K.L.:
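There's a structure below that I have some questions on.
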Amino acid sequence: MSLDPRAQLPAGPRHAGIGAGFIRDCALAGGAEERLANRLALIAEEVLGAAPANAGLVGLTLSDRRHAMRLSVDFTAADLDLAGLDQSRRGDAEDAEEIGLYLAARLADRLTTEPLDRGGLRLGFDVGRAYPPQAAATAPEALGPISGAAVDPDDATLALLVQWAEAAELGGPAFRLAPRVLDQRAQGDLFARVALDARKRPVGGLFWQPFGRRLMELSGPALLLPDGADRAAVAEALLEAALAGLVRKKIQGLVVLEPSPDMPRQGFETVGQLPAADGTTWPVLFRALEEDPGGISWVPPVLADWVTAATRRLALGRDIEEPARPKRATGAAMAAETDRARGRVTLRSLIAAGDAAAVAAGNVALFRDQGFSEIRAILDLGKPDQAAFAEGLVKAGLSPAALIPDAAGDLLLLAAAE
Amino acid sequence: MTEFALDRLVPAHVRAFEAYVPSPPDDVLCRRFGVPHLHRLNNNENPIGPPEAARAMMAAWKPEQAALYPQGDGWHLRRALGRRFDIDPEQVILGNGANEVIAFVIKAFCEPGDNIVTADRTFAVYEWLASFSGVEPRLVPLRDYAFDAEAMLDAIDDRTRVLFVCNPNNPTGTWWRHDELDRFMEAVDGRAIVVADEAYAEFAEDPAFPDSFALMQRHPNLIVFRTFSKMWGLAGLRIGWMAASPDVAATVKKTSISYSVNILAMEAARATVWDEAHVQATRAHMRGSRAAVAALAQKLGLTMIGDVGNFVMLKLPMSDTVAHRRLMGRGVMARAMTSFRYPGWLRVSLGPADAMAAFAGALEEVLAEG
């Protein structure tokens with residue numbers, strides 16, 4: 001049983017301060033720095049204060065995820081109006097009821113949602129820990145060649161790899177800040193394989209992180225060897241080790257959203273193209289780990305031609321069906337993950353309703369106004385409700401960019417680059 | 001009802017396990033992939049089907065019998081097998097397919113925290129059953145496509161309870177000779193149960209293939225698995241069996257499920273024992289079909305492995321999972337091997353002639369697409 005501190009409080013402003021104090025005290029007692037504890041407390045206060053009256057008892061749980069602290073908010077009522085979470089619904093009036101949830105969503109680095117039993121909803125607000133800058137550590141010149149199979153590294157080896165990759169600006173954002181990477185791995189949010197030379201020094205690494213429930217996103221490889229034939233061998237060894245560690249588990253496939261030039265392409269298929277702000281595109285790669293026995297794709301008319309063509313091109317066995325409109329008339333909401341450093345936002349369905357198209361268009365407009373240059377949305381075509389957002393996304397200028405296969409629900413990635 | 005906290009009731013090793021999802025039935029697959037017919041070359045079935053005596057038995061079977069429970073432990077079939085292999089019928093235990101027999105053995109000898117040892121690239125069910133039983137599966141890499149005896153011995157510790165040797169190995173078709181298995185048993189020296197899973201044994205024509213029932217006399221920790229699904233063409237009826245030394249069999253019997261094998265399966269299996277003409281006909285089919293796939297592989301520049309069994313593996317110059325989908329779109333179902341830890345390989349059963357012809361044509365087209 002989890003020992004995470006938890007509380008249940010009635011929804012509404014009268015108990016918001018109590019919830020905030022509880023979360024703040026627990027965060028501090030758990031070792032969080034003041035800044036982080038205050039942000040979590042503010043989120044708890046805003047969520048409780050803005051929660052609709054029919055929400056009943058709201059559950060608050062604080063979990064230490066090492067690289068982040070997570071405030072989970074459980075709503076057990078089945079028919080909630082959480083439209084206030086949607087960033088596009090902030091309205092003009094600061095005292096609007098839903099502004100609290102809007103603020104809460106903005107205070108978190110990442111907002112996730114998952115259904116609870118009997119129609120409830122869990123919102124997960126992650127606030128990342130701050131890590132002090134690391135002293136640069138450059139890899140020695142006389143590394144390599146690879147010796148033996150790539151390994152699941154110990155902490156010291158993984159930290160060394162990240163430090164050397166960061167100094168050489170290799171591998172992309174996933175390979176930054178050794179303490180964060182170690183915490184992510186310890187938490188089960190990141191997995192790694194590292195190739196070693198004969199002196200057990202890292203010569204390359206490959207990471208993967210959860211991407212939805214059944215997929216992993218690959219990052220890297222970061223190769224520390226100089227140009228030459230051995231680099232390809234290191235990349236192959238890393239991928240082989242990753243595959244060996246991933247198969248026969250629940251992971252159905254690997255997606256590569258930002259392929260490194262060193263990523264071995266054989267065995268991957270190109271499932272789409274993502275646009276960049278400069279007008280160029282780059283491929284989205286995918287590798288299935290399991291046979292695809294076919295499934296159902298719920299596709300709205302506005303996307304039918306593109307999805308049907310992509311489904312055929314990828315030889316996917318799909319029953320392509322047009323979904324019914326959501327039963328709920330209003331109250332649609334989207335969640336957003338923002339990466340301000342890159343000017344990127346990714347929208348996902350939170351609650352589908354009849355006004356989903358307008359909400360989707362509103363979200364795109366909001367982030368466009370805020371200067372985000374890469375706007376993406378992900379729709380799960382295995383869930384008929386999510387199709388309701390498609391029309392608004394397309395009208396707002398997003399285009400289908402990639403179809404990531406999953407027999408339980410293909411993921412359609414829509415994108416626009418400004 | 002107060003809150004039902006399901007997770008509180010589920011052991012961690014069950015929570016962590018992802019349920020296996022079988023592929024949908026053929027009519028659904030045909031609709032989804034837009035084909036009128038599907039040639040199944042993915043499950044290593046016998047294209048000849050069951051022997052004549054089993055066919056006759058099933059044709060004469062009266063549906064009224066379905067209302068009755070079967071005899072609980074395969075009395076007659078166990079005696080028939082005992083006579084065939086010169087063992088006491090009490091040494092034989094039946095299961096609803098060999099998969100159930102694997103479960104009997106793990107339940108009999110392992111408790112959470114123990115481990116089993118097997119290969120990394122072999123039949124998945126040993127690993128799965130151990131995992132969701134709270135037992136650590138220790139996976140030893142194959143060497144030259146074959147079980148590595150030395151590395152398996154190195155993997156044994158004081159919590160090792162069972163070693164699974166798939167002989168011949170699915171999917172590589174490699175196998176240990178009689179003397180190799182004997183030496184391995186000597187080296188294990190009674191420290192753990194050794195299972196020789198001989199699901200494909202009847203396909204082995206080389207006299208050096210182990211006589212495991214004889215070895216059992218000298219090594220009481222040896223268990224032999226056999227099945228009626230492969231050579232005997234009864235995969236749809238689900239019946240497998242194991243034999244072990246008397247004390248080991250008596251132990252496994254405690255965890256076996258009586259009445260789990262249905263009456264039709266038991267009687268059909270009994271009728272097959274031991275149709276040598278069926279064995280010879282099946283082997284002849286496999287020789288011809290294997291030669292044809294070898295010729296195809298040579299023509300297409302593909303590496304082929306697998307000398308024993310009713311299947312071969314082909315190394316493709318592309319993703320096996322993509323090839324699988326594209327073959328499905330042409331009405332052919334082979335097995336993508338990434339999940340067997342053989343990325344880029346395809347396993348194809350040596351099926352009926354029309355299916356093999358469809359496979360050959362479809363594979364050429366898929367490879368031409370790149």
Side-chain angles (χ1 to χ4, degrees), chain A residues 1-2 8 57 59 74 76 116-118 120 148-149 188 213-214 236 239-254 264-271 285-297 308 311-321 405-408, chain B residues 1 3-8 16-26 28-35 38 42 120-121 124-125 127-128 131 137 139 141 316-330 333-346 366 369-370:
Chain A
M1 186 174 173
S2 166
Q8 280 192 317
L57 282 175
D74 290 357
T76 53
L116 292 176
D117 293 340
R118 288 179 278 171
R213 199 176 64 83
R214 287 156 52 96
E236 289 287 353
L239 186 57
E240 186 176 326
L243 291 171
L246 280 161
V247 298
R248 291 190 177 171
K249 298 191 173 74
K250 65 181 177 185
I251 303 307
Q252 302 295 303
L254 303 174
R265 297 295 176 98
Q266 186 170 332
F268 286 89
E269 54 188 319
T270 300
V271 294
L285 305 180
F286 177 75
R287 182 165 188 154
L289 299 183
E290 298 287 344
E291 291 176 354
D292 187 322
I296 299 176
S297 258
T308 302
T311 299
R312 285 193 184 134
R313 182 177 67 78
L314 297 172
L316 297 168
R318 297 290 183 267
D319 291 324
I320 296 181
E321 307 275 357
D406 182 347
Chain B
M1 190 172 92
E3 187 181 359
F4 172 46
L6 177 62
D7 273 2
R8 186 177 61 81
F17 193 80
E18 189 74 4
Y20 176 75
V21 181
S23 67
D26 281 15
V28 174
L29 289 172
C30 285
R31 188 185 70 233
R32 287 179 174 173
F33 286 90
V35 293
L38 199 55
N42 64 323
D120 59 345
R121 298 171 183 196
V125 176
E127 180 182 342
W128 287 342
S131 295
L139 306 179
L316 306 179
M318 63 183 295
S319 160
D320 55 306
T321 48
V322 173
H324 170 265
R325 293 202 308 258
R326 292 183 182 171
L327 288 169
M328 290 287 286
R330 290 167 170 82
M333 191 172 188
R335 179 72 77 188
M337 298 306 286
T338 291
S339 61
F340 271 72
R341 302 193 174 92
Y342 269 114
W345 289 77
L346 200 68
V366 166
E369 282 182 1

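Reminder, nothing fancy here: chain letters follow the sequence lines and each chain counts from 1. Computed from a predicted model, the values in this text were never measured in an experiment.
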K.L.:
About how many Å separate CZ of A:F286 and OG1 of B:T321, when rounded to the nearest 0.5 Å?
P.N.:
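If I round to the nearest 0.5 Å, the distance is 7.0 Å.
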K.L.:
Show the numbers, then the answer: is there a side chain to side chain contact (heavy atoms under 4.5 Å, CB included) between B:W128 and A:R248?
P.N.:
CA-CA 8 Å; B:W128 287 342; A:R248 291 190 177 171; 4.1 Å; yes
K.L.:
Let's test your reading of the structure: which of B:G329, B:S23, B:P317 forms the most heavy-atom pairs below 4.5 Å with chain A?
P.N.:
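Top count of heavy-atom pairs under 4.5 Å with chain A: B:P317.
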K.L.:
Once you round to the nearest 0.5 Å, how far does CG of A:L316 lie from CE of B:M328?
P.N.:
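Answer rounded to 0.5 Å: 11.5 Å.
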K.L.:
Under a 4.5 Å heavy-atom cut-off, does chain B meet the side chain of A:L289, its backbone, both or neither?
P.N.:
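Both the backbone and the side chain of A:L289 come within 4.5 Å of chain B.
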K.L.:
At a heavy-atom separation under 4.5 Å, does B:L139 approach chain A through its side chain, its backbone, both, or neither?
P.N.:
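Contact with chain A is absent: no heavy atom of B:L139 under 4.5 Å.
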K.L.:
Using the side chain to side chain donor-acceptor pair (under 3.5 Å) criterion, which residues pair with A:R313? Sequence neighbours excluded.
P.N.:
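A:R313 satisfies side chain to side chain donor-acceptor pair (under 3.5 Å) with no residue once adjacent residues are dropped.
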K.L.:
Identify which part of A:L314 has an atom lying under 4.5 Å from any heavy atom of chain B, answering side chain, backbone, both or neither.
P.N.:
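It is both, since atoms from each part get that close.
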K.L.:
Using modelled atom types and a 3.5 Å cut-off, is there a donor and acceptor pairing between side-chain atoms of B:R32 and backbone atoms of A:G294?
P.N.:
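Side chain of B:R32 to backbone of A:G294, a donor-acceptor pair under 3.5 Å: yes, one is there.
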K.L.:
When rounded to the nearest 0.5 angstrom, what is the spacing between OG in B:S319 and CZ in A:R265?
P.N.:
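Between B:S319 OG and A:R265 CZ, I get 15.0 Å after rounding to 0.5 Å.
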K.L.:
What residue, out of B:M318, B:R326, B:E127, B:R121, has the most heavy-atom pairs lying under 4.5 Å from chain A?
P.N.:
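The candidate making the most pairs under 4.5 Å is B:E127.
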K.L.:
Quick check for you: among B:Y20, B:F17, B:F33, which has the greatest number of heavy-atom pairs under 4.5 Å with chain A?
P.N.:
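Top count of heavy-atom pairs under 4.5 Å with chain A: B:F33.
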K.L.:
Can you confirm whether B:R325 sits close enough to A:E269 that some side-chain heavy atom of one is under 4.5 Å from a side-chain heavy atom of the other?
P.N.:
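Yes, close enough: below the 4.5 Å cut-off.
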K.L.:
Starting at CD of A:E291, measure out to CG of B:N42 and round the result to the nearest 0.5 Å.
P.N.:
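So the gap between those two atoms works out to 6.5 Å.
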K.L.:
Sub-4.5 Å heavy-atom contacts with chain A: which residues of residues 335-345 of chain B show up?
P.N.:
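Residues of residues 335-345 of chain B touching chain A at under 4.5 Å: B:R335, B:A336, B:T338, B:S339, B:F340, B:R341, B:P343.
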